[in-house]
2 protein chains.
Amino acid sequence: MTTTKNIAELARELGRATGEMRMYLRQYLDMQIRLEEVDITFELLEILAYLYRKDGVNQQELADITAKDKSSMTYLIDSLVKREMVTRKEDPQDRRSKLIYLTVKGKRLEKKLGPWIVEIYEKATEGLTTAEVQQALLIVQKMNDNLRK
Amino acid sequence: MTTTKNIAELARELGRATGEMRMYLRQYLDMQIRLEEVDITFELLEILAYLYRKDGVNQQELADITAKDKSSMTYLIDSLVKREMVTRKEDPQDRRSKLIYLTVKGKRLEKKLGPWIVEIYEKATEGLTTAEVQQALLIVQKMNDNLRK
DNA sequence: TTATAATAGTTTGAATTCAAACTATTATTT
DNA sequence: AAATAATAGTTTGAATTCAAACTATTATAA
């Protein structure tokens, strides 16, 4: 059977498929969180994952990277601060901005959480080449460029 | 500048980029909704958009297509029923299942909403070929196949 | 310099999202 | 057929999400 879909329909399907992907990531990570009894959520884990690569960034950067509203980020950072996994520090260069730093507790969690993230992405990309994923990314980036105009 | 990213990093970035794409779609459609003063939300519009292509499907299919939980779908359909845009009908073939049908009011809205959706996806895919988008979709589908295992 | 615009973050309230536990119905095993 | 598993939908409660209006600060224009 050959289903012919127009380009708009494919774009829509692409959005759906990545939503599905996100669902699987959530399911896997939620399972690990439950098994290992870590006091965290999927959304908070996404933020920590970025801080493990780049510590001390402001909330807007975290909002951009996770594709969330800045007010959602305020809420999520509050939640991480309550758990004593990060701290907010006013940026001395720009007092509007607050830099988010991992605490000792937050850093310690990396040993546990880091491997989960590596594992699930390795599983996702099994049998794919870097070039292929890069190509897919490029397409989506072009669509974003179009939409920003 | 050449930034070399590993495949897992690219996959993550792909997830982020489609999240960004969704944000633009939301912004555009929210703007139209406000301008034309239609009593609807972005999420409800996504459901109607699917019903315009395929009316009389059950809630689970709508949940799958929008990559949402089935309980979220119950809530959203409730909201559409309240607005008298769709009705729930028990499936005579399977009494567990409820089929969702557009009402006259729901159908009438297509004249207004339909073009918005066409327009925004046309804009998104400007300068791209069907083959390119298809290719990107294929990659994401492969990742989903990997994750389902 | 002063006025204006842009940016970072917060707060609020309403909408949405999700997992978990549940009921009802249908499909599959034994 | 009876027991068991799987599926569709609902309900609940807690977490997340978003827009809008707001404050504080920095950047840009006049």
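Numbers restart at 1 for each chain; the letters A, B, ... are given by sequence-line order, proteins then strands.
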_A:Arg148 to B:Tyr24 six-membered ring, cation-pi geometry met (6.0 Å, 45°)_ = no
*Give none if C:dC22 has no partner; otherwise give the nucleotide forming a Watson-Crick or G-U wobble pair with it, both distances under 3.5 Å.*
D:dG9
*Between B:Lys68 and A:Thr74, which has a closest nucleotide on DNA chain C that is more 5'?*
A:Thr74
*asked:* Considering every strand and a 4.0 Å limit on heavy-atom distances, what is the contact class for B:Lys98: base, sugar-phosphate, or nothing?
replied: sugar-phosphate
*Describe the nucleic acid contact of B:Ser97 in one word from base, sugar-phosphate, nothing, applying a heavy-atom distance below 4.0 Å.*
sugar-phosphate
_A:Glu61/A:Lys54 salt bridge by N-O under 4.0 Å criterion_ = yes
*Could you check A:Arg95 against A:Glu46 and say which one's nearest nucleotide on DNA chain D is further toward the 5' end?*
A:Glu46
*Go through DNA chain D in 5' to 3' direction and return only the first and the last nucleotide with some atom under 4.0 Å of chain B's heavy atoms.*
D:dA6 to D:dA20
*Under 3.5 Å on both distances, the Watson-Crick or G-U partner of D:dA15*: C:dT16
*Want to settle it: does A:Pro92 or A:Leu44 sit nearer the 5' end of DNA chain D, counting the closest nucleotide to each?*
A:Leu44
*asked:* Taking the nucleotide of DNA chain C with the nearest heavy atom to each, does A:Val57 or B:Asp94 sit closer to the 5' end?
replied: A:Val57
*Name the nucleic acid region contacted by A:Asp91, choosing base, sugar-phosphate or nothing; use a 4.0 angstrom heavy-atom cut-off, strictly under.*
nothing
*asked:* Check this for me, if you would: do A:Lys142 and B:Glu126 make a salt bridge, where the nitrogen-to-carboxylate-oxygen distance has to be below 4.0 angstrom?
replied: no
*What closest approach, in Å, do A:Tyr121 and B:Ala11 show between heavy atoms, and which atom pair accounts for it?*
CD2-CB, 3.8 Å
*Does A:Arg53 come within less than 4.0 Å of B:Glu9, counting only side-chain N to carboxylate O?*
yes
*If you look at every heavy atom in A:Leu128 and B:Ile7, which pair is closest and at what distance?*
O-CD1, 3.3 Å
